[in-house]
Every structure is written in C-alpha cells, then in structure tokens.
2 protein chains.
Amino acid sequence: MIIASTSTIHGSGYLEYLLPTLEIHFKGCDEILFIPYARPGGISHDDYTTTVRSAFAKINKTVKGLHEFANPMEAIQNAKGIFTGGGNTFLLVTQLYQNKVMEVLVKVVENGTPYLGSSAGSNITGLTMQTTNDMPIIYPPSFKTLGLIPFNLNPHYLDADLQSKHMGETRETRIKEFHAFNDSPVLGLREGSWLEVSGSTILLKGNLSARLFNQNKAPEELAPETDLAFLGK
Amino acid sequence: MIIASTSTIHGSGYLEYLLPTLEIHFKGCDEILFIPYARPGGISHDDYTTTVRSAFAKINKTVKGLHEFANPMEAIQNAKGIFTGGGNTFLLVTQLYQNKVMEVLVKVVENGTPYLGSSAGSNITGLTMQTTNDMPIIYPPSFKTLGLIPFNLNPHYLDADLQSKHMGETRETRIKEFHAFNDSPVLGLREGSWLEVSGSTILLKGNLSARLFNQNKAPEELAPETDLAFLGK
C-alpha cells in the first residue's frame with residue numbers, strides 16, 4: 001500500500017509528486033480500479049474519475065471507476081490495482097458500507113493487490129475514521145474502517161499557526177480530545193508524506209517528519225524512513 | 001437564546017466579550033446550569049465547570065454543572081438559565097442523548113428559559129450537528145440536534161487563507177460537500193459574532209458579517225442586525 005497524506009502538493013498537478021512511486025507500485029497493472037465515493041467538493045463520480053484517469057495516463061495506466069460496475073464487490077475482487085481518492089471520509093465510509101465492500105477490500109489488499117489511498121482514501125486504511133478532518137455530512141453505519149494498519153491517521157496534518165488569532169481548536173487539541181476516549185495511536189501525516197506498507201514494514205516516506213500521538217504521552221516527531229510496524233506490537 | 005461562535009475572542013478572557021450581553025440575557029437568574037459535556041481538550045467536567053464559574057462570578061452569577069445532579073432531566077427542567085459550553089460536538093451530542101435530555105432542552109428553551117451556547121453549545125441549537133468542525137471522537141446515536149433555529153451553524157467560521165500552501169479543504173469547500181446531500185441553510189458565524197434569538201427574531205450581533213450558504217446558490221454576506229428568521233420560511 002501507498003498511503004498518502006494528500007493527492008496534490010501545492011504548486012503541482014494531481015498525484016504528480018507521487019507518479020514515480022506509483023509507476024513502481026503499480027508495475028504490472030495496466031488498469032487501476034478507482035473508488036470515487038469520497039467526491040471532493042461534491043463533484044460527480046464521473047468527473048472525479050476523469051481527473052484520476054488523466055493523472056494515470058501519464059504513467060500509461062487506464063482507470064475504471066468502481067461506480068461503473070454493476071457488482072462492486074466483484075470489481076474489487078478482480079482488480080489488478082486499487083486507488084481510493086480523497087474527499088469526504090463520512091461519505092466514503094457510508095458508501096463502502098452501503099455497497100458492502102469493506103470486507104472484500106481488506107481481503108484483496110491482504111492478499112497483495114496494490115492499493116493507493118490519498119487523504120480520505122488513506123484515512124480508511126486505519127482502525128477507525130475518527131481522526132478525519134472532514135465534516136459529518138452523512139451518518140455512516142459505523143466509524144470502523146479497514147484496519148490495514150495498526151493505528152489511525154490524520155492526513156493533511158497541520159501544525160498550529162502560532163501567529164493565528166483564531167480560537168478554534170488546533171489539530172493537536174482535536175487529537176488530544178480523541179485520546180480522552182480512545183487509545184489507538186494517531187499518526188499526523190503532513191502533506192507530501194506517505195507510508196509505504198509492504199509485508200510487515202510501514203515506512204514513512206517523503207522529506208518531512210510525521211507527528212505521532214499516543215494516549216497520555218507527549219507527541220513525537222518521526223523521521224523519514226522510520227518503520228511504524230512497532231505500533232502494532 | 002444567545003448563540004455565540006466562540007466563548008473566547010483573541011486576547012480576551014473566557015466569555016469576557018459577552019459579559020455585558022449576558023448580564024442582560026440572564027437578568028433575574030442568580031444561578032446558571034452549565035452543561036460541560038463537550039469537554040474541550042478532554043478536560044474533566046469539574047475543571048470545565050470551574051472555568052465557567054469564574055467567568056460568571058464577574059456578573060454575580062453562581063454556576064452548577066449538570067454532571068453534579070443525579071437527575072439531569074430534572075435539573076434542566078428546574079434551571080433558571082442554561083449555558084452549554086464548547087468543545088467536541090460529537091461528545092456533547094452523544095452525552096445529551098445518553099442522558100436523555102435532548103427533548104427537555106428543546107421544551108424549556110421554547111418555554112422561555114434563557115439559553116447561552118458557545119461553539120459546540122451553539123452548534124446543537126441548529127437542525128443537525130453536520131456542519132461542526134470537530135473530530136468524530138465518539139459515535140453519536142444520531143446527528144440530529146435541538147432544531148431551535150431553522151438552519152445549521154458553522155461556528156468559528158474561517159475564511160480561506162489565500163496565501164496558504166495547505167491543500168486540505170477550506171471551510172467553504174466542506175460546506176459545499178454538505179450541500180451535495182443536505183438542503184438546510186448553513187450560517188458561517190465568525191468569532192466575535194453571535195445570534196440573539198427572541199420570539200420569532202434571530203438577530204446577527206457583533207461587528208462582523210456572517211456568511212450564509214444555501215444549496216445551489218452563491219454564498220452571501222449578511223450584515224450585523226440582519227434578522228435570520230426568513231430562513232425558516
């Protein structure tokens with residue numbers, strides 16, 4: 001799995017910074033199955049798939065949207081490679097449950113189908129979606145997600161702006177609130193960072209450190225190339 | 001009702017900017033019933049109540065926390081004035097349902113008990129909590145809230161920072177995603193603004209404009225002293 005904080009970094013095209021990595025990750029897959037359920041900004045499944053298709057065309061992959069299939073479960077079973085895009089995590093999780101594809105997703109990824117997630121599509125690889133930044137625009141049947149990594153993610157992790165006069169909660173405060181009720185570790189993944197998960201290793205990639213939050217502990221900065229597998233032990 | 005975007009504005013003490021308003025609003029109530037369920041930053045009910053107690057002491061009101069009562073429903077029925085503080089909206093709503101006080105809150109406020117909400121405590125006066133900024137740290141039985149005003153709120157409303165290199169969604173994008181699935185109007189209430197609800201009028205107070213989002217319409221800026229009652233028609 002490639003689990004990216006964001007699809008897009010500032011000043012660059014959609015998925016552009018990841019394309020060299022994706023070329024290796026999806027080596028041998030001509031066609032990528034795209035899960036467009038998160039619908040960023042409310043765009044349609046078709047429009048979202050078109051954006052993704054243009055990006056993958058640059059590394060000679062074709063793309064099909066999961067919404068184009070009559071049987072989503074079967075489509076996931078047959079996929080050579082899977083990408084779940086960002087948008088709204090509540091919507092994504094609701095749709096995954098409604099289309100009954102949570103379990104099959106876990107199964108195929110565990111069996112080796114290469115997976116890419118960005119933002120909401122990364123969030124769902126964690127234990128629960130409870131550290132998303134998104135608005136609860138729809139009520140999902142559960143907050144439980146794929147559990148393909150042994151912790152939770154906070155994508156688009158943002159350090160507090162010490163100059164700000166805004167009194168809304170910082171990201172760190174929100175994660176502290178999560179830890180008042182939940183003991184899973186939370187990894188704050190900054191834009192431009194991603195995790196490369198292969199077998200039992202979970203490597204932090206990109207140039208930035210990531211911020212690890214454990215219940216009742218001070219947050220820690222983890223350097224690139226750290227293996228996060230220890231969080232599952 | 002006084003429905004405030006934030007308890008605290010930058011550079012000022014807890015509730016300080018609102019005290020002159022609250023002195024009038026809670027005229028005749030010596031004791032305020034405080035609902036501490038939202039627990040900002042995960043602090044305890046007792047600690048939160050202590051903070052609120054100090055603020056209200058400045059206008060000679062005593063404060064009791066709802067958690068101090070064996071029967072929360074009865075405490076709300078008997079309250080002379082009610083304040084629900086900010087924190088995490090998911091937690092607040094979960095606790096309100098678990099303690100079975102949603103209905104009684106609607107009843108007493110409709111019957112004239114003066115109510116103050118800030119942030120999460122304001123959010124719940126709307127139709128649903130679906131335009132909160134908070135993290136889903138706990139799974140509430142429902143997103144439905146008090147419905148004391150005929151629209152939804154987004155407290156701590158924040159304009160997009162056009163200089164930012166951050167690629168996470170702006171507040172406006174998030175509200176647009178809400179409107180892909182829901183047709184309730186959403187009022188983005190900036191810090192320092194509040195609503196004064198009395199009878200059938202819903203006046204915007206403070207020095208700032210508020211941003212109104214309607215489904216399939218361009219957002220509008222509403223000037224202070226606008227009556228928002230038209231949103232219920």
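The figures here come from the full heavy-atom set of this structure, side chains too, leaving out hydrogens, waters and symmetry mates. Chain naming here is simple, since letters A, B, ... match the order of the sequence lines and numbering starts at 1 in each.
- Annotation: side chain of A/Val109 is not in contact with side chain of A/Leu146 (no heavy-atom distance under 4.5 Å).
- Residue B/Leu222 holds its CG atom at 6.5 Å from CG of B/Leu187, rounded to the nearest 0.5 Å.
- No part of A/Pro155 comes within reach of chain B, as not one of its non-hydrogen atoms sits under 4.5 angstrom from that chain.
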Distance-only donor-acceptor pairs under 3.5 Å across chain B and chain A:
residue	atom	partner	partner atom	Å
B/Gly41	N	A/Glu177	OE2	2.7
B/Asn88	ND2	A/Glu177	OE1	3.4
B/Gln130	NE2	A/Pro136	O	3.1
B/Gln130	NE2	A/Ile137	O	2.8
B/Asn133	O	A/Arg174	NH1	3.0
B/Asp134	OD1	A/Arg174	NH1	3.0
B/Pro136	O	A/Gln130	NE2	3.1
B/Ile137	O	A/Gln130	NE2	2.8
B/Ile137	O	A/Asn182	ND2	3.0
B/Tyr139	OH	A/Pro140	O	2.5
B/Tyr139	OH	A/Pro141	O	2.9
B/Pro140	O	A/Tyr139	OH	2.6
B/Pro141	O	A/Tyr139	OH	2.9
B/His166	ND1	A/Glu191	OE2	3.3
B/Met167	N	A/Glu191	OE1	2.9
B/Met167	N	A/Glu191	OE2	2.8
B/Gly168	N	A/Glu191	OE2	3.0
B/Arg174	NH1	A/Asn133	O	3.0
B/Arg174	NH1	A/Asp134	OD1	3.0
B/Glu177	OE1	A/Asn88	ND2	3.4
B/Glu177	OE2	A/Gly41	N	2.7
B/Asn182	ND2	A/Ile137	O	3.0
B/Glu191	OE1	A/Met167	N	2.9
B/Glu191	OE2	A/His166	ND1	3.3
B/Glu191	OE2	A/Met167	N	2.9
B/Glu191	OE2	A/Gly168	N	3.1

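- The CD1 atom of B/Ile124 sits 9.5 Å away from atom CD1 of B/Ile3, with the distance rounded to the nearest 0.5 Å.
- Interface remark: A/Ile175 contributes backbone and side-chain atoms alike to the contact with chain B (heavy atom separation under 4.5 Å).
- Among all heavy-atom pairs drawn from B/Gly42 and A/Ala180, the shortest one is CA-CB, 4.0 Å.
- Atoms CG and CD1, on A/Leu15 and A/Ile9 in that order, are 11.0 Å from each other to the nearest 0.5 Å.
- Considering only heavy atoms from C-beta on, B/Leu204 stays 4.5 Å or farther from B/Leu208 through its side chain.
- Note on A/Gly168, A/Pro40, A/Gly11: by heavy-atom pairs under 4.5 Å with chain B, the leading option is A/Gly168.
- Residues in residues 87-97 of chain B take part in no salt bridge (Lys or Arg N to Asp or Glu O under 4.0 Å) pair, two or more places apart or across chains.
- In this structure, B/Leu231 CG and B/Ile202 CD1 are separated by 7.0 Å, a value rounded to the nearest 0.5 Å.
- Both the backbone and the side chain of B/Phe143 come within less than 4.5 Å of a heavy atom in chain A.
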